[in-house]
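The structure appears right after this line, and notes come after that.
All figures in this text were calculated on a predicted structure; none of them were measured in a lab.
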Amino acid sequence: MTKVLVVDDNEKNLKLLRVILQHNGCEVIEAANGKEGVFKSKEHAPHLIFMDIQMPVMDGISALKILRSDESTRHIPVIALTSYAMKGDMERIIEEGFNGYIAKPISAVELVGVIRKYIVKQSGETI
């Protein structure tokens, strides 16, 4: 089963992502901030991570830097979830090292497309 980690401090976003991901056959692991997300990434070895950018304790960019510096997690695709949707924001976030970018509010169709792209690409597994 495809394991997906969702890191977001907003309970409504977590619930929406959980419902969409579970409906598409994914096991969902949740974290409320970047620090917790880094820990759960190492603990659960997810196939894909959706990471909010602005969070308390540790933001998504700081968490991504830690993930990329660790041999056990650097290969995991990390997709930014953000309300930053101004011109140039996507490019800036991709330059930070994220594999992709989804603007909030989240589109279920776009989310499923990203899952399929990265899970099939990484493991050949389909959802």
Side-chain angles (χ1 to χ4, degrees):
M1 178 180 277
T2 300
K3 284 192 279 186
V4 179
L5 172 62
V6 178
V7 186
D8 199 316
D9 62 322
N10 182 300
E11 184 57 42
K12 289 179 182 178
N13 288 337
L14 284 172
K15 183 177 181 181
L16 173 64
L17 287 158
R18 180 183 328 118
V19 168
I20 294 168
L21 292 166
Q22 287 176 340
H23 179 75
N24 283 278
C26 296
E27 175 186 344
V28 180
I29 303 153
E30 298 176 5
N33 60 65
K35 184 177 180 181
E36 187 179 338
V38 169
F39 175 79
K40 289 192 175 185
S41 295
K42 293 177 184 185
E43 181 181 28
H44 295 282
H47 297 100
L48 180 64
I49 300 170
F50 288 99
M51 177 91 65
D52 188 16
I53 299 297
Q54 287 188 295
M55 294 179 287
V57 183
M58 181 185 291
D59 65 74
I61 292 171
S62 298
L64 178 71
K65 288 178 181 175
I66 294 169
L67 294 172
R68 293 294 187 242
S69 70
D70 187 311
E71 186 65 38
S72 68
T73 56
R74 73 171 39 137
H75 68 282
I76 303 170
V78 182
I79 309 303
L81 297 174
T82 183
S83 55
Y84 291 132
M86 302 299 288
K87 184 177 178 160
D89 286 339
M90 181 172 80
E91 292 80 7
R92 181 181 60 80
I93 288 170
I94 297 299
E95 285 175 10
E96 291 286 352
F98 286 89
N99 297 87
Y101 168 99
I102 296 178
K104 294 178 183 178
I106 298 163
S107 156
V109 172
E110 184 178 11
L111 185 72
V112 172
V114 168
I115 298 164
R116 287 192 174 126
K117 175 182 176 183
Y118 285 97
I119 299 306
V120 171
K121 183 174 159 183
Q122 182 180 8
S123 66
E125 187 174 335
T126 59
I127 62 168

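For the side-chain hydrogen bond (donor to acceptor under 3.5 Å, both in side chains) test, residues two or more places apart in sequence or in another chain that qualify with Asp52 are Lys104. Ile20 meets the side chain to side chain contact (heavy atoms under 4.5 Å, CB included) test with Leu16, Asn24, Ala108, Leu111, Val112; sequence neighbours excluded. Applying the side-chain hydrogen bond (donor to acceptor under 3.5 Å, both in side chains) rule to Ser62 yields the partners Asp59; only residues at least two apart in sequence or on another chain are considered. Residues passing the side-chain hydrogen bond (donor to acceptor under 3.5 Å, both in side chains) test with Ser72, sequence neighbours excluded: Asp70. In this structure, the side chain to side chain contact (heavy atoms under 4.5 Å, CB included) partners of Leu64, at least two apart in sequence or on a different chain, are Arg68, Val78, Phe98. With sequence neighbours left out, the salt bridge (charged side-chain N to carboxylate O under 4.0 Å, His left out) criterion links Glu95 to no other residue. Legend: residues meeting side-chain hydrogen bond (donor to acceptor under 3.5 Å, both in side chains) with Arg18, ordered by chain and number and at least two apart, are Glu11, Glu30. Evaluation of the side chain to side chain contact (heavy atoms under 4.5 Å, CB included) rule for Glu43 yields Phe39, Lys40 as partners, not counting sequence neighbours.
Under a 3.5 Å cut-off, the side chain of His47 and the backbone N or O of Lys3 do form a donor-acceptor pair. A donor-acceptor pair under 3.5 Å links the side-chain atoms of Tyr118 to the main chain of Asn99, judged by distance alone.
Ala63 and Met51 make their closest contact through CB-CE, 3.8 Å (heavy atoms, listed as atom of the first residue, atom of the second, distance). Residues Asn33 and Pro56 share a closest heavy-atom pair of CB-O, 3.1 Å. Nearest heavy-atom pair across Asp8 and Asn10 is OD1-N, 2.9 Å. When all heavy atoms of Pro46 and Ser41 are compared, the closest pair comes out as CD-O, 3.5 Å.
Here the CD1 atom belonging to Ile115 is positioned 11.0 Å from the CD atom belonging to Glu110, to the nearest 0.5 angstrom. Between the CD atom of Gln22 and the CD atom of Glu27 there is a distance of 9.5 Å, given to the nearest 0.5 Å. Remark: Asn13 CG to Phe50 CZ distance equals 12.5 Å, nearest 0.5 Å. Atom CG of Leu48 and atom CD1 of Ile79 lie 5.5 Å apart (nearest 0.5 Å). Note that CG of Leu67 and CD1 of Ile49 are 5.0 Å apart. Values are rounded to the nearest 0.5 Å. Atom CD1 of Ile76 sits about 10.5 Å away from atom NZ of Lys42, to the nearest 0.5 Å.
Under the 4.5 Å side-chain criterion, counting only non-hydrogen atoms from C-beta, Val28 is in contact with Val6. Within the 4.5 Å cutoff, the side chain of Glu96 has heavy atoms near those of the Lys65 side chain.
By the criterion of side-chain heavy atoms lying less than 4.5 angstrom apart, applied directly or through intervening Ile, Leu, Val, Met, Phe, Trp or Tyr residues, Val19 is not grouped with Val7; the two fall into different hydrophobic clusters.
Heavy atoms from other residues, nucleotides or ligands lying under 6.0 Å from NE2 of His44 number more than 12.
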Side chain to side chain contact (heavy atoms under 4.5 Å, CB included) between Met58 and Ile66: does it pass, once the steps are laid out? CA-CA 11 Å; Met58 181 185 291; Ile66 294 169; 3.6 Å; yes
